[in-house]
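What follows is a single structure, written as structure tokens, with notes after it.
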2 protein chains.
Amino acid sequence: MTKPPVIDHRRTLTLRDVSEASGVSEMTVSRVLRNRGDVSESTRERVLEAARALGYVPNKIAGALASQRVNLVGVVIPSLSNMVFPEVMTGISETLEDTGLQPVVGVTHYSPEREESVIYEMLSWRPSGMIVAGLEHTEAARAMLAQAGIPIVEVMDIDGVAVDSAVGISHYRAGRQMAEAILDAGYRRIAFLGTMMPHDHRARKRLQGFEEVLSRHGLSLADQEFYSGGSALLKGREMTAAVLDRSPDVDFLYYSNDMIGAGGLLHCLDRGIDVPGKVGLAGFNGVELLDGLPRKLATMDACRLEIGRRAAQIIAAKHPDGIIGGEVIELFPTLQPGDTIRPAL
Amino acid sequence: MTKPPVIDHRRTLTLRDVSEASGVSEMTVSRVLRNRGDVSESTRERVLEAARALGYVPNKIAGALASQRVNLVGVVIPSLSNMVFPEVMTGISETLEDTGLQPVVGVTHYSPEREESVIYEMLSWRPSGMIVAGLEHTEAARAMLAQAGIPIVEVMDIDGVAVDSAVGISHYRAGRQMAEAILDAGYRRIAFLGTMMPHDHRARKRLQGFEEVLSRHGLSLADQEFYSGGSALLKGREMTAAVLDRSPDVDFLYYSNDMIGAGGLLHCLDRGIDVPGKVGLAGFNGVELLDGLPRKLATMDACRLEIGRRAAQIIAAKHPDGIIGGEVIELFPTLQPGDTIRPAL
DNA sequence: ACAATGGCTGTTAGCGGTAACATAGGTGAT
DNA sequence: ATCACCTATGTTACCGCTAACAGCCATTGT
């Protein structure tokens, strides 16, 4: 039969090893392993057999350098800990699966400096495209992305100027929409509870749109409370308790995300508060995770899966040749009134 | 002053461009950019200035090929959607941050074939190390890992044979421990509710240990229920409803993870069932996310953060030279009785 | 019979960096 | 002044693979 596998732990195998083991040139081996070009069936089998027996794994570094092609797509996101970015990732992976492209994730922890360095690091691997969360970056990061000569898609948000393409929703508009729904339902003393992170631009834009609608109706926030870190569900409880103690007359609690909103909801139910009669609640994101709570929290779907898909499609489509003009795709979230906001008057 | 930045979108910059712009050899530029070797202060500044002005981003592909060094660590995990692996990732990133190494994530969706291909793909980038969840892999995957000549750490689980190093807990033992606690508390008619995934080996091992203790006490599971997909909280509710309807006399519900356990807890509270008096509940994982529920679910911390940290440390430590013998690190989860299991008799 | 064609395989020249070694000046000791 | 020696820089030879092109042989058409 064939020779037993050569297990040499000192040196890693190269095309040459396979080529020697199968008696053809390195080029032919390369062709077989990539399914590129014509190779006779007998040679192909001999080569594959040798490669398998040796346990050969091609060196993509060398391949990429020689071919000037890298099947990687950089994905830069602020966090994996909340439920929102993993779902975007799912959309991306799903779509990229059929294209031979592979996502590589980098996490910034909402720090612009860290984002800049993650982007630099990724670009130095010469990926085929980059997907970056948000439109706000350091000047250097924007410059790098703009010069990279590859398709760039900024995701989640479209309120701002994109380097190249963008896919997302208008958080500003989402905030307005929610405010209008709340006012329509007759609530008037509205509090905001949210994250303190100074770099969560999307939460900021939602709040901005929200307050604008209030002020157009001659209103302003009755109270606000911020947090950072910790278990969001628990923080939601604590913040809600604080607000309700401090401002017993508020009739609506607007949360910057569903997790703290859920915490707030649980707190209200514990206290026996009439929801949505006496107090209404709303969050943001539409996290499926929370289906199963005693009551369904009003929220707005952020189109996360769809955003991931569309972003990946743009990268995959531009993949072959050069620079096509950047496109901006706006998606429209739908308001899910759930059980925590009473019907409009 | 210096020339204005050359913004050429057709070609990407190389060391040569920087070298020409600053009037020194490519080698010197390389030295400056890597802070390697002696370079005079004046040259260093001139080079850095030129690199910045041009917007040069080094090509790590070429660098890695030439130096035979890649600062990447492959991390292969089944999923990002539940709360467990993101936390392992956090531990890994945190620890790797100080080492110049960078994690690259690949997701397998609990499919052995997908895992094999993700591992192959990653090895072809010649990373400095690999961290892989679980001890069960296809034969080909094990062979590839074993031959790669880099440190391999299998994480989460230690009940089995490791390719090289391993860091984790004994899920088998965790299952036994939970069973003993439940029996000690006097519960006797115990049901199991869990995932159906045939490839969640850790859940399987926990159940196995659990059942073993039951049978040693002359007992067996009073009922069981499985699910797959969907919102875990909601599934937990539904499964719990199903089990309680079908087997009204069960006095304990053992869940394979905290999310479905939380769903079950909410269901029981809704129904006004006396927890933990009439029915006790327990989950697994110790997800902080759920702090804030009306009652604290009994659970066992899976040491996720610590697992990530230790795994990364092993990779970082072996990084410099050759193969040190594989080590197996067992961590010991602590039982958190919470409020859903009554005190021992 | 001979050019044209097409299938299969080999050869050559890089891709963009870096390791290792070579070299040009300066410096201080003898 | 001579030499050893150090610092700052340049030269050369790859790293492992692939694009592009060059050959060779058998087949086909005329």
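Lettering follows sequence order; numbering is per chain, from 1.
The two residues A:P78 and A:R202 come nearest to each other via the heavy atoms CG-NH2, 3.8 Å. Looking at every heavy atom in both residues, B:D98 comes nearest to B:E94 through OD2-O, 4.3 Å.
Among the atoms of the strands shown, only primed sugar atoms or phosphate atoms (P, OP1, OP2) are found under 4.0 Å from some heavy atom of A:R34. When heavy atoms are screened at a 4.0 angstrom cut-off, B:N59 is found touching the sugar-phosphate backbone but no base atom.
For the pair B:D17 CG and C:dC15 P, the interatomic distance rounds to 12 Å; values are reported in whole Å. The nearest whole Å value for the distance from the CG atom in B:D38 to the C1' atom in C:dG25 is 15 Å. Put simply, CG on B:L65 is 6 Å from C1' on D:dG16, counting in whole angstrom units. Straight-line distance from the CZ atom of B:R69 to the C1' atom of C:dA19: 9 Å, rounded to whole Å. Here the C1' atom of nucleotide C:dG10 and the CZ atom of A:R16 are 13 Å apart, to the nearest Å. If you take CZ of A:R44 and C1' of C:dT9, they are 14 Å apart, rounded to a whole angstrom. Rounded to whole angstrom, the span from the CD1 atom of B:I61 across to the C1' atom of C:dG17 amounts to 11 Å. Nucleotide D:dT18 holds its P atom 10 Å from the CD atom of A:E26, rounded to whole Å.
Considering only side-chain N and O atoms, A:T14 lies nowhere under 4.0 angstrom from the phosphate OP1 or OP2 of D:dC15. The phosphate of D:dA8 has neither OP1 nor OP2 within less than 4.0 Å of any side-chain N or O from B:T28. The shortest distance between the side-chain N/O atoms of A:S40 and the OP1/OP2 oxygens of C:dT9 is below 4.0 Å. Checking the phosphate oxygens (OP1, OP2) of C:dG17, a side-chain nitrogen or oxygen of B:Y56 falls inside 4.0 Å. Contact check, A:S25 against C:dT11: no side-chain N or O comes under 4.0 Å of OP1 or OP2.
In this structure, A:I314 CD1 and A:D164 CG are separated by 8.5 Å, a value rounded to the nearest 0.5 Å. If you take OG1 on A:T138 and CD on A:E113, they are separated by 7.5 Å, rounding to the nearest 0.5 Å.
Among D:dC15, D:dG16, D:dT18, the nucleotide with an atom closest to any side-chain atom of A:L15 is D:dT18. Side-chain proximity of A:M27 to D:dT18, D:dT11, D:dC17: nearest is D:dT18.
When the shell of 6.0 Å around CD of B:E41 is examined, it contains more than 12 heavy atoms from other residues, nucleotides or ligands.
Each of B:Q68 and B:V39 was matched to the nucleotide of DNA chain D holding its nearest heavy atom; the match closer to the 5' end belongs to B:V39. Of the residues near DNA chain C, B:K60 and B:R31, the one whose nearest nucleotide (by heavy atom distance) lies more toward the 5' end is B:K60. Annotation: of the two residues near DNA chain C, B:R36 and B:A62, the 5′-most nearest-nucleotide partner is B:A62.
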